[in-house]
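Notes for the one structure printed next.
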Amino acid sequence: MSADVELSDVSVTFGSFYAAKNVNVKVNGGEFFSFLGPSGCGKTTLLRAISGFQEPSEGKVLIDNKDMSGIGPNKRPTALIFQNLALFPLMSVSENIAFSLEVRGVSKEERKKRADELLELIALEGQGEKKVHQLSGGQKQRVAIARALAVEPKVLLLDEPLSALDLKLRQRMRTELREIQKRVNITFIYITHDQGEALTMSDRIAVMNEGELEQIGKCDEVYNNPLTPFVATFVGENNPLYGKVTGIKGDKAQIETADGQYLAMMNETKKLNIGDESIAFVRPESLFIPRDDDSFDNKIDVNIESFEFEGNLKNFYARLQSGAKIKFSVPNAIDTSSISSGSSIALGFDSSKSVILPKASLAID
Amino acid sequence: MMGIYIFIFFAYLFGPLIIMSITAFNSAEFPSIAPWECFSFRWFNEGKIAYDGQHLAGLLSDWRLHDGIISSLIIGAGVVTLSVPIGMAAAIVLTQVRSQLRDIYYSISIMPVLFPGVIIGISTVVLWDRIAGLGGEGFISDIGRNGIFLTILAQTCFISTYCFLIFVARLQRFDQTQEEAALDLGASQTQVFFKILVPYLSPAIASAAVIAFLFSFENYNTTVFSILSDQTLTTVIASKVRLGISPALSALALTIIALTIIAAVTYEVLRRRAEKRYAESQERFVKEKAADNRINKKYKAGFKIPKGITAILLIVVFATYGATQIVKNDLYGQSCIDAADKEKKSKFLEQLQTLESNELTDEELSGGSLGGNQDYGDIFGDPSLFQDFGGFD
């Protein structure tokens, strides 16, 4: 039922502009795969290349190991869910769902049967006669999915379909999408700029920036072991500490910054040498206010500037002596009444929770 | 103050139409309100039978008018079937061309509207005359000198542009991802066109057809050249006006106005009914969704007297009153017209007798006295003398 999708050396150019550059990905059959990146990074272009609306300027798109070049969107075993859903407003819900069957000349009874089946799958039984505008946002979403699934595509492509929904609905739709994917067991390729969506739903994600792939991997892998400063700062939040490598101890490296020396994990593929310009990253939740029994090998002195209450977390914004900003978060359960703005405290973090990478541009500078 | 201005404005707009409509019911041979002769429907029927021609024919008996209406309808249908598809195709092309070309394409497309209609008419005739000249005596020569065919082509030239503009306006709001969605779901380009685009454009198709028909029906300045030896409604009316207008034209105008109003009212009623049905379905949807039955109670249907009923009652009262007055004063019907005719004829007889009694003797004629001229002047000065004579048809 499901199919592998492979992009081999795919580039898409518009004039001299590279919307996608030498992209190599292999999405396994039955996988929930996400492309994650800021807007304008070329992820929608890749999706259009897979669905057939955009021919790659270079390289090949393979679905089920078959070269798709020259095959139009209506002949590919893919179905695309558009960002605005693109439901047909003049048709009823059932007609929308059965549209792909109608254009294939399936008889009316069979179309109705299949539409009813799909309505059941998306928990909208008996609502097939309604017009699209009578549905709520979440229901429209599900109708769009049902419509795409009607001809049993091998690959379902989703172009930020949740971006128009409110937060609660988005969270519910995430679980629903995941459940539908498990039930129909086909390949889902999902496009989003929302790292929360990507991390919660996907089996694997590919992080993109300016048309190029930065990293492909499992969610925790990408989060914990980013390969580039861009990934480190785009997926979740990270505090950068700029400096030079002064020593290497096994898989860890010592970095000398304006505010002191820190130890951080090196990535196997991004080996560093002494004297290299580099950045150490530490996540806000990895910084903590040390107690006597905590074990840590990095200490950092900060000046608290402001405080923000987020609910489950309390965020503190602070400055180092050099003036560099740093953010740290503590769970709401921890008592922080002793910390007030203007006070100086010492924070700790463990070198295994910090990564050091060669210097390059960040996601947000 | 505001009310007065509005009244003046509407009087300016509709005054001529109202006065002209009233003249259609006056039996007098020249459209007038005063003097009022008889209230009659003669101009809607056979008019006055004049033995010297058809110039006083009513709507029912004027065969030239009938021929004109028929060819106008044929031309209108032809123009609609040609210009709606042309306008639609041109508008769809506009959405496909690249942005640099779009402005040029758009300007070229709307150019026919800017040309004077006379030029379109003349150039069509000139072109087809040449084409007809090429083919000898065959089909091409027939068709190239067929007024109805040429008029359809000439009118389509600029009417398709109006259709184009209507389609462009509708297409601007079209969500092109719907086409992509349909393609992605396996539809061919043809299926996308017939299942997505045409249903979306159907309101525009309807209004383009109506507008194309109306433009064609009322067109004169292109038609007058391209129609050649045939006649359409507008050219018939124009040639009638040249011979002196008869109240039959008022009757025709009133008929057209009435048809327009009926069509507009019917459309409005149908539209409101559809809107109401839509609102009801929405309401039902809300009710279904709302678990709270307090909302349901609020929507209980009650009996309402329609607001229009007072207006209808007023019209009925006035109409009955007016009709009784007309009958009472013997202002209606054949007897009134006969009486009026008789009066005119007796006047004519009187004048004839005066003429005879004033006849010059041979002596007076040979005497060279031209004093008689004054007598003749009296006769010709009588405005009712040649009233029955409308000219040679």
Side-chain angles (χ1 to χ4, degrees), chain A residues 15 44 47-48 50-54 71-92 95-106 126-127 129-136 139 143-144 146-153 155-159 161, chain B residues 88 92 95-101 167 170-207 271 274-292 295 299:
Chain A
T44 301
L47 202 69
R48 292 175 70 82
I50 299 171
S51 60
F53 288 112
Q54 178 76 53
I71 297 175
N74 47 358
K75 300 270 186 279
R76 294 194 185 191
T78 58
L80 176 59
I81 293 179
F82 290 81
Q83 193 163 3
N84 65 355
L85 305 180
L87 293 175
F88 306 130
L90 300 173
M91 300 183 192
S92 72
E95 283 168 342
N96 258 289
I97 293 175
F99 182 81
S100 53
L101 304 171
E102 193 191 333
V103 297
R104 283 172 174 78
V106 175
Q127 312 218 35
E129 293 313 306
K130 278 188 184 163
K131 289 276 177 199
V132 172
H133 60 80
Q134 290 177 321
L135 300 179
S136 68
Q139 288 172 332
V143 171
R147 185 178 72 173
L149 293 175
V151 272
E152 299 174 346
V155 181
L156 189 67
L157 309 164
L158 302 101
D159 186 2
Chain B
M88 179 151 86
I92 292 170
T95 63
Q96 307 293 324
V97 292
R98 276 176 296 128
S99 53
Q100 302 101 303
L101 275 174
F167 285 114
R170 179 88 181 154
L171 277 172
Q172 265 170 355
R173 279 174 287 139
F174 182 61
D175 173 17
Q176 292 214 332
T177 55
Q178 283 192 18
E179 280 184 349
E180 289 190 344
L183 274 180
D184 190 65
L185 291 166
S188 65
Q189 290 286 358
T190 327
Q191 283 171 323
V192 171
F193 178 74
F194 283 110
K195 287 186 190 294
I196 306 295
L197 203 56
V198 170
Y200 175 79
L201 287 178
S202 54
I205 293 173
S207 48
R271 194 185 62 85
E275 222 165 62
K276 205 174 159 195
R277 222 176 295 139
Y278 172 71
E280 270 169 10
S281 77
Q282 283 293 83
E283 210 171 79
R284 225 178 302 131
F285 174 62
V286 168
K287 275 196 269 180
E288 267 171 33
K289 271 193 140 186
D292 195 342
I295 293 176
Y299 283 116

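If you're wondering where the values come from, they're calculated on a predicted model, not measured in any experiment.
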Non-hydrogen atoms of A:Leu157 and A:Ser51 that approach each other most closely: CD1-CB, 3.5 Å
Nearest heavy-atom neighbours spanning B:Leu185 and A:Arg104: O-NH1, 2.8 Å
Relative to chain B, which segment of [X] carries a heavy atom at a distance below 4.5 Å: side chain, backbone, both, or neither?
{"X": "A:Arg147", "answer": "both"}
{"X": "A:Ala150", "answer": "neither"}
{"X": "A:Leu90", "answer": "side chain"}
{"X": "A:Leu87", "answer": "backbone"}

Is [X] in contact with chain A via its backbone, its side chain, both, or neither, using a 4.5 Å heavy-atom distance?
{"X": "B:Gln178", "value": "both"}
{"X": "B:Asp184", "value": "both"}
{"X": "B:Phe194", "value": "neither"}

Close side-chain approach of A:Pro73 and B:Glu180, heavy atoms under 4.5 Å: no
Which residue out of [options] racks up the most heavy-atom pairs below 4.5 Å with chain B?
{"options": "A:Val103, A:Leu80, A:Ile81", "answer": "A:Val103"}
{"options": "A:Ala148, A:Ala144, A:Pro89", "answer": "A:Pro89"}
{"options": "A:Gln83, A:Arg48, A:Lys131", "answer": "A:Arg48"}

Spell out, as yes or no, whether a donor-acceptor pair under 3.5 Å connects the side chain of [X] to the backbone of [Y].
{"X": "B:Glu179", "Y": "B:Gln176", "result": "no"}
{"X": "A:Asn74", "Y": "B:Leu183", "result": "no"}
{"X": "B:Tyr200", "Y": "A:Phe88", "result": "no"}

Flag for A:Gln127-A:Lys130: side-chain donor and acceptor within less than 3.5 Å: yes
